[in-house]
Amino acid sequence: MKTTLFRTTLIAAAAAILSTAAFAQTGAKLKVGLMLPYTGTYASLGNAIENGFKLYLTEQGGKIAGREVEFVKVDDESDPSKATDNVNKLVKRDNVDVLIGTVHSGVAMAMAKVAKESGTILIVPNAGADAVTGAMCAPNIFRSSFSNWQPGYAMGEVMAKKGIKKVATITWKYAAGDESVRGFKEAFEKGGGTVVKELSLPFPNVEFQALLTDIAATKPDAVFTFFAGGGAVKFVKDYAAAGLKKTIPLYGSGFLTDGTLDAQGADADGLFTALHYADGIDTPRDKSFRLAYAKTYKLQPDVYAVQGYDAAQILGIGLKAVNGDTTKKAEFAAAVEAAKIDSPRGTFSLSKAHNPVQDFYLRQVTGKENKVVGIASKGLADPARGCKM
Ligand code: PHB
């Protein structure tokens, strides 16, 4: 019995050495499919994610688990109608070893479907589609970001505690907007508030005027919103220009003001949002990350950069455990599931459904910063509705 166990262990160890050696000998590069938006309203988000991912890689000497990395890039344009073709190109034509993507929830759901069917490892560095770590959850699908439910829920808790009673919501009509509002509503109504009006417009439209007129006529105590990227810039500016900022306080999930403050200027000043990252976290880990990012890219990092960086960290943790062999899915998953990820946002781990369990900061815009002013929700875990794993 003992001998058999010993022999099995020896064989496993030898196989691990051999497979690492095989990669080293053949110099087989790790093919990473980067599917992100490089054009459109989310273009800057895609770039920040790529920057963050590559920063981690540089810190590791350009290799993950001893393997050099080769990127195959696709601009997904945040267009769900092109998503299945785009991801199939990466998986079937380019034969990527892992998929990293994307920003837009609708596109990410198409990626998750293909990843689930093909078994390709997928790490989602932004898109919050609840289904990715809910009904579509799978052993080979991971997320370094959040679920749409999470920041909405955190802000709902904060606004109910502030004693706000009547809220109107406004967002884009697609998974990210719908699910942020749903998370918000769940916490806000549990805390005694009421959502009196739910407004939306199709993604990525930015013709807000009629909806702002509706908000002015409804006179809620406050507004909760999800917008991001270029759309968030215009919404914050239009809200102020309509004279609403002074009369009806605007709150949002933190994407409303993340990576956007240069363009929003004084119109964003004072806004409160909830997110899993903030300026002024003031830990050595975050400080060194920010310094390295600023030095490399001549830019300040935002939440998207952190999520890209952490997607690379997750890949590193999994790949080291399997000596670079991406076919060992179960061992890869076990290592990631057991990990405490040393993120600039603060340490986090993944839930059983592979979504971050993490703190949500309450932030307030001060000048060009989303200053942390408290914790909106501590160790918040997505309910992973529909996940059977
Ligand atoms: C999404 O579509 O899931 C999404 C897009 C941009 C964000 C957050 C979520 O900033």
Side-chain angles (χ1 to χ4, degrees), residues 35-50 52 76-83 100-112 122-134 136 141 143-155 170-184 200-206 224-236 252-261 263-264 268 271 273-278 301-308 310-311 345 355-356 358 360-361 363 370 382:
M35 186 160 146
L36 291 166
Y38 294 104
T39 53
T41 198
Y42 289 157
S44 63
L45 288 61
N47 283 311
I49 288 168
E50 181 177 336
D76 67 39
E77 304 167 53
S78 296
D79 186 346
S81 75
K82 297 179 183 164
I100 306 291
T102 186
V103 168
H104 183 286
S105 274
V107 178
M109 282 192 274
M111 294 184 78
L122 165 65
I123 305 174
V124 179
N126 182 71
D130 290 349
V132 166
T133 54
M136 303 176 83
I141 299 177
R143 184 148 53 190
S144 65
S145 52
F146 60 93
S147 74
N148 291 324
W149 179 92
Q150 280 178 308
Y153 191 90
M155 204 64 216
I170 177 165
T171 189
W172 276 315
K173 184 90 208 122
Y174 82 104
D178 293 343
E179 292 169 358
S180 298
V181 167
R182 215 176 295 148
F184 167 77
S200 63
L201 74 172
F203 175 87
N205 288 10
V206 290
F224 170 81
T225 189
F226 163 85
F227 288 110
V233 170
K234 179 146 191 302
F235 183 74
V236 164
S253 58
F255 311 111
L256 186 68
T257 55
D258 226 80
T260 55
L261 290 175
Q264 288 164 334
L271 294 183
T273 62
L275 205 63
H276 48 292
Y277 191 56
D302 54 20
V303 69
Y304 309 105
V306 171
Q307 293 169 170
D310 291 340
R345 76 187 83 170
N355 189 64
Q358 58 194 338
F360 279 78
Y361 299 98
R363 309 115 47 91
N370 286 290
D382 178 87

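In each ligand, atom 1 is the first atom listed, and ligand 1 is the first ligand listed.
Listed by chain and residue number, the protein contacts of ligand 1 are Tyr42, Leu45, Val103, His104, Ser105, Asn126, Ala127, Gly128, Phe146, Asn148, Tyr174, Ala176, Phe226, Ala228, Phe255, Tyr304 (heavy atom within 4.0 angstrom).
Every residue two or more places apart in sequence or in another chain that forms a side-chain hydrogen bond (donor to acceptor under 3.5 Å, both in side chains) with Asn126 is listed here: Gln307. Residues satisfying the ring pair (Phe, Tyr, Trp, His ring centres under 6.0 Å) criterion with Phe203, sequence neighbours excluded, are Tyr42, His104, Trp172, Tyr174. The ring pair (Phe, Tyr, Trp, His ring centres under 6.0 Å) search around Tyr153 returns Trp149, not counting sequence neighbours.
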- Query: Which is it for Lys82 and Asp76 under the salt bridge (charged side-chain N to carboxylate O under 4.0 Å, His left out) test, yes or no, and what are the steps along the way?
  - Reply: CA-CA 7 Å; Lys82 297 179 183 164; Asp76 67 39; over 6 Å; no

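When all heavy atoms are compared, the tightest approach of Gly152 to Phe224 is CA-CZ, 3.9 Å.
Salt-bridge check for Arg182 with Asp130: failed, with every basic side-chain N at 4.0 Å or more from each acidic carboxylate O.
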